[in-house]
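So the structure is just underneath, and the comments pick up after that.
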2 protein chains.
Amino acid sequence: MTAPRAPRTHGPRERMVFAAAQLIRRDGVGATGMREIAARAEAPRGSLQHYFPGGKEQVVNEAVAWAGRYAGRRVDRYLAELTESAARAEGGRPTPGALFAAMAQQWIDEFEAAGFTTGCPVAAATVDSTASTPSAREATAAAFTAWTTPLTAALTSLRVPATRAPALATLMISALEGAILMCRAHQSTAPLTTVTTELAPLLDAAAVS
Amino acid sequence: MTAPRAPRTHGPRERMVFAAAQLIRRDGVGATGMREIAARAEAPRGSLQHYFPGGKEQVVNEAVAWAGRYAGRRVDRYLAELTESAARAEGGRPTPGALFAAMAQQWIDEFEAAGFTTGCPVAAATVDSTASTPSAREATAAAFTAWTTPLTAALTSLRVPATRAPALATLMISALEGAILMCRAHQSTAPLTTVTTELAPLLDAAAVS
DNA sequence: CCAGTATTATGACGGCCGTCATAGGCCGCA
DNA sequence: TGCGGCCTATGACGGCCGTCATAATACTGG
C-alpha cells in the first residue's frame, strides 16, 4: 500500500514490514530487533537501512499501520461473507453479533493453530511505546481508526443507527482486544467465546428491525 | 500483602516491587531496566540482587502479582462504597453497571491526572512476555484470576445469577482492558466512557429483580 | 564488645542492541 | 564497454542491559 501497485511477488520492503508486524505481535516492540526483522523477512540487513532511513521507529510505525489496515480489510471481508451466506440461507441479513463472532473466531482459530504465542500488534505497540516518540503513539491511534471506521460502516449497513454504530464499534474492539489479552494469559480461548456469547444480545438489539 | 503485616513504612523490597509495577505499566517489561527499578524505589541496586535472587523475572512476576491483587482489592472497595451510598440514598442496591462505571472512572481520573502515560501492568506483561519464560505467563494468568474472582463475587452479591457472573466478569475486564488500550492510543478518555455507557444496560439486565 | 548475618555498595563482564560507515555487486543506459 | 544509480553486504562503534563477584557496612543476639 505504500506503492500504488505492489510488485508481483512481495518485495523486500513489504516483507520486512510484514515480518516486523509478526515479531511485534509475538514479542512486543522492545524485544523485537532489527536484525531479527531482516532475518525473518529473508532480507539483507543493509536493506533495512536503505528502505527505512528513519530506523526502527519507521519500521515499527509502518508495521502498526499495516496491521490497522489489515484489520479494517478483514472487517469488510467478514461483512461480505456473512451478507452473502445469510442471504442465500435465510434470505435475510446477518446480525451485528454474527459479525463480532466472525472477528472473534479468526482469533480463536489462530490461537488453536499457533498456540497463544501471538497477539495483536496494535495492542503490543500501544503498550510498549506510548511513552516513547509521539509518532509511535500516533501510529497506534491511526491503526485503531483504520479498524474502527470500516467496522462502524459495517454496523451501519447492518441497520445499526448511525448514532450508535461508532460507540458499538468501540465496544466491540475494546472487548476483542481485552479478550485476546486474557486468552493469551490463560492459554485458553474461553474468554473470546464468553465475550462473544455475552455481547451478542446487546449487539443484535442495536439493529433496528 | 506479601507479609501478613506490612512494616510501618514500606520496606525496600515492597518499594521495589511497586516501582517495577509502575515502570512496567508505563514502558512495558522490556523497556524497564533493573537499575531504573532500583532508582525509582530509592533503593540500592545491590538490594535487587539480595531480595530477588531470581533476577528480573522474579521482580516482574511479583509486580504483576501485586497488580492483580491490587485490582481485586479495588473491586471489593468499589462494591462496598457503592453498596453503602446506594443504601443511604435510595435504600436500594447498586447495579452491576454502576460497578463497572466505578472501575472505569478510576482509569478516567488517572488519565486526566497523569496524561495517558500509564496503562495496566498486567496487560503490559501479557503482551511483552507471553513468549518468554513460562512463569511470566503464569503470573499474568494468576493476576487476571486475582481480579476476576472478586469481581465475580461482587456481581453475585449484586444479584447476578452465579451461572452468569463469571462470564460477565470476563466481559467487564476484557472491555475495560481494551478500552484502556484505545484511550492510550487516542489520548482520550472517550473509549472508556463509551464502553461504560454501552455496557451498562447489558450488565444491569443480568441482575435479577 | 564481639560475632555473624543481613543488607548495601560498586565495579566488571559478556552480550545484544540500533546505528553508522564503507565497500562490493548488480543492472540499465549511453 | 563504461558509467551511475540502486541495492546489498559486512564490520565497527558506543551504549545499555542483566548478572555476577567482591567488598564494605549496619544491625542483632550473645
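Below, all heavy atoms of this structure are taken into account, side chains as well, without hydrogens, waters or symmetry copies. Order of the sequence lines fixes the chain letters, A, B, ..., with proteins taken first and strands second; residue numbering starts at 1 for each chain.
Here CG of A/Leu181 is found 9.0 Å from SG of A/Cys183. Values are rounded to the nearest 0.5 Å. With values rounded to the nearest 0.5 angstrom, A/Arg88 atom CZ is found 11.5 Å from A/Thr83 atom OG1. Summarising the geometry, atom CD1 belonging to B/Ile173 is positioned 11.5 Å from atom CG belonging to B/Leu168; distances are rounded to the nearest 0.5 Å.
One atom, CG of B/Leu23, and another, P of D/dC17, lie 11 Å apart when rounded to the nearest Å. When the C1' atom of C/dA9 is taken as reference, atom CD of B/Glu42 falls 17 Å away, rounded to whole Å. Between the C1' atom of C/dC17 and the CD atom of A/Glu57 lies a distance of 16 Å, rounded to the nearest Å. The distance between atom CD of A/Gln58 and atom C1' of C/dT19, rounded to the nearest whole Å, is 14 Å. Per the geometry, CZ belonging to B/Arg13 stands 14 Å off C1' belonging to C/dT7, to the nearest Å. Atom CZ of B/Phe52 and atom P of C/dA6 are 17 Å apart (whole Å).
For the 3.5 Å distance criterion, the side chains of B/Asp27 and B/Thr32 fail to qualify, holding no donor opposite an acceptor. Side-chain atoms of A/Glu62 and A/Gln58 form a donor-acceptor pair, as typed in the model, at a separation below 3.5 Å.
Nearest-nucleotide positions on DNA chain C for A/Ala31 and A/Pro53 put A/Ala31 closer to the 5' end.
No donor-acceptor pair closer than 3.5 Å links the side chain of A/Thr118 to the backbone N or O of A/Ala114.
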Which letters describe nucleotides 5-12 of chain D, given B = protein heavy atom under 4.0 Å from base, S = only from sugar-phosphate, - = neither?
-SBBBBBB

